[in-house]
Amino acid sequence: MQHKVLLIGAGSICPAHIQAFGALGDRAKVVGIVARHTESARQAIEAAGLDAVAYTDYRQAIEESGCDIVSVMTPPDSHCEITVWALEHGCHVLVEKPMAPSLAECDTMLDAARRTGNQLAVVAQSRCLTPIWRTKQLLDSGLPGKLLYTQVNSLWYRGRSYYDLAWRGSWATEGGGCTLVHAVHHIDLLAWMAGMPRQVTAMIGNVAHTNSEEEDLSMAMLRFDDGSFAQLTANLVSHGQKQALSFACENAVLEIPHALSADTPQENGFPRENTALLTELEAAYAAMPPLAYEGHAGLADNLLRAVDEGAPLISDGQAGRNTMELIMAIYKSASENAPVTLPITPDDPFYTRTGVQTRMPHFYKKTGFLSQFTHNEITLASSNMG
Ligand SMILES: NC(=O)c1ccc[n+]([C@@H]2O[C@H](COP(=O)([O-])OP(=O)(O)OC[C@H]3O[C@@H](n4cnc5c(N)ncnc54)[C@H](O)[C@@H]3O)[C@@H](O)[C@H]2O)c1
């Protein structure tokens, strides 16, 4: 069966979705693109040489295009509304990160997926990179031993003009700064590989983006039920964007970008390289076949297989929600200057968008209100970690 795909949003991430579904050959056809202005949708269609219709109203597009798959790539504040509408009108949905700016909206989306029985996948394209996929399998294999400490460096660089776009730099429309919008990729990997922590202690600040209300730097310490720890740094001031995760286990350290270390203690406790284990780990890593589809294409392929064959989603709505819960815990801890214990329950102010917006520090006044950039080429998280 050929699936009919509707893309909602024609901005900087749209080409990644066009390529992702395009990579699946006859299994999928993009039948329409929706943007606030017809011209943007038309440009995206023409640039990709698609035989598709340009729309400005997503409700009309869902009704008229005959689509059964919807990819939502609008600004985060509209993810919930559009996703729920699409699910309720018979479509399976892939929604861009962050799933939504609040846990309340994530729960509304999850509820719609449960009620309708339609699939809800959340973009976490780093899960579909072969080196990261292999690291996850290796961690789960038991060979490295129990995970003791995870370190996450979600380091990015964005100039001031990044916040000239109308919806960015505002708690109301973007929903958060580097922790929500950028570190979301690495926080997703952290939750996927290390699990959910019990307690979060964090600080946030804005050290360089004086035209944004939101944070451009955050640091968090996480404590897990099994006694292990994690540490996360996210910022937008790191030239070179050297992003990395490191998983310190009892027998070995696994790193992304790929690196392995393994030691055994000598009589005095000092380390000696465990060459036998290193060889075994490297062999297990290399023996895993590469993924058939990488990045967004991996998620598109997986969504179609979930619909056609009942395959489990690689990144489902619950995974998207877990990531959001961790981010909200970081925001709550930073704004209250105190440790936060998970879960964040519906009676917590940090469960709703209004609660978050009214409690977070507004660092600077937002000044730029461009509807789009003339030059809109971007680099993806996946390009830094493959
Ligand atoms: N996965 C990734 O690596 C990655 C990278 C960049 C952006 N994103 C995410 O993708 C989403 C969009 O980001 P972007 O940079 O492409 O934004 P953008 O501002 O470049 O484009 C947004 C598009 O959405 C359209 N739009 C907005 N509201 C709409 C509505 N109600 N109905 C129909 N169309 C609407 C706009 O017209 C525009 O075409 C965000 O959630 C962002 O976080 C993900």
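These values consider heavy atoms only, across backbone and side chains, with no hydrogens, waters or symmetry-generated copies. Every value quoted in this text rests on a predicted model; they were computed, and no experiment measured them. Atoms within each ligand, like the ligands themselves, are counted from 1 in listed order.
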Item to check | Test item, Ser371 contacting ligand 1 (heavy atom, 4.0 angstrom) | outcome: no

Checklist outcome for this item: ligand 1 to Gly9, heavy atom cutoff 4.0 Å, flagged ligand atoms 23 (C), 24 (O), 25 (C), 39 (O)

Checklist entry - Does even one non-hydrogen atom of Pro75 get within less than 4.0 Å of ligand 1? => result yes

Next on the checklist: Below 30° counts as parallel, above 60° as perpendicular, anything between as tilted: where do the rings of Trp192 and Trp133 land?
Outcome noted: tilted

Item to check | Distance flag, aromatic centroids of Trp171 and Tyr331, threshold under 6.0 Å | outcome: yes

Item to check | Any Glu81 heavy atom less than 4.0 Å from ligand 1 | outcome: no

Checklist entry - Hey, which atoms in ligand 1 end up nearer than 4.0 Å to a heavy atom of Pro98? => result 43 (O)

Next on the checklist: Suppose I only count heavy atoms of Gly11 and a 4.0 Å limit; which atoms of ligand 1 are within that range?
Outcome noted: 16 (O), 18 (P), 20 (O), 21 (O), 23 (C), 39 (O)

Checklist entry - Cationic tip of Arg198 within the cone over Phe224's six-membered ring, i.e. under 6.0 Å and within 45° of the normal? => result no

Checklist entry - If you count the atoms of ligand 1 from 1 in the order shown, which ones are under 4.0 Å from a heavy atom of His79? => result 41 (O)

Item to check | ligand 1-proximal atoms of Leu165, by part, heavy-atom distance under 4.0 Å | outcome: side chain

Item to check | Proximity of His258 and Tyr285 rings by center, below 6.0 Å | outcome: yes

Checklist entry - Run the salt bridge (Lys or Arg N to Asp or Glu O under 4.0 Å) check on Lys332 and Asp348 step by step: do they pass? => result CA-CA 10 Å; Lys332 182 174 156 81; Asp348 191 303; 3.0 Å; yes

Item to check | Sub-4.0 Å atoms of ligand 1 with respect to non-hydrogen atoms of Ala10 | outcome: 23 (C), 38 (C), 39 (O)

Checklist entry - Considering only heavy atoms of Arg168, which atoms of ligand 1 have at least one such atom less than 4.0 Å away? => result 15 (O)

Next on the checklist: Looking only at the aromatic ring of each residue, does the gap between the centers of His89 and Tyr58 stay below 6.0 angstrom?
Outcome noted: no

Checklist entry - Any ion pair linking Lys97 and Asp188 (charged N to carboxylate O, less than 4.0 Å)? => result no

Item to check | Option nearest atom 44 (C) of ligand 1 (shortest heavy-atom distance, choices Glu96, Gln43, Gln125) | outcome: Glu96

Item to check | Chi angles and distances behind the side chain to side chain donor-acceptor pair (under 3.5 Å) call for Gln231, Tyr149 | outcome: CA-CA 8 Å; Gln231 186 187 0; Tyr149 168 70; 2.6 Å; yes

Checklist entry - Applying a 4.0 Å heavy-atom criterion (strictly less than), which segment of Ser12 is in contact with ligand 1: side chain, backbone, both, or neither? => result both

Checklist outcome for this item: Counting from 1 in the order shown, the ligand 1 atoms closer than 4.0 Å to a non-hydrogen atom of Val123 are 1 (N)

Checklist entry - Does even one non-hydrogen atom of Phe373 get within less than 4.0 Å of ligand 1? => result no

Item to check | Contact with ligand 1 for His185, non-hydrogen, under 4.0 angstrom | outcome: yes

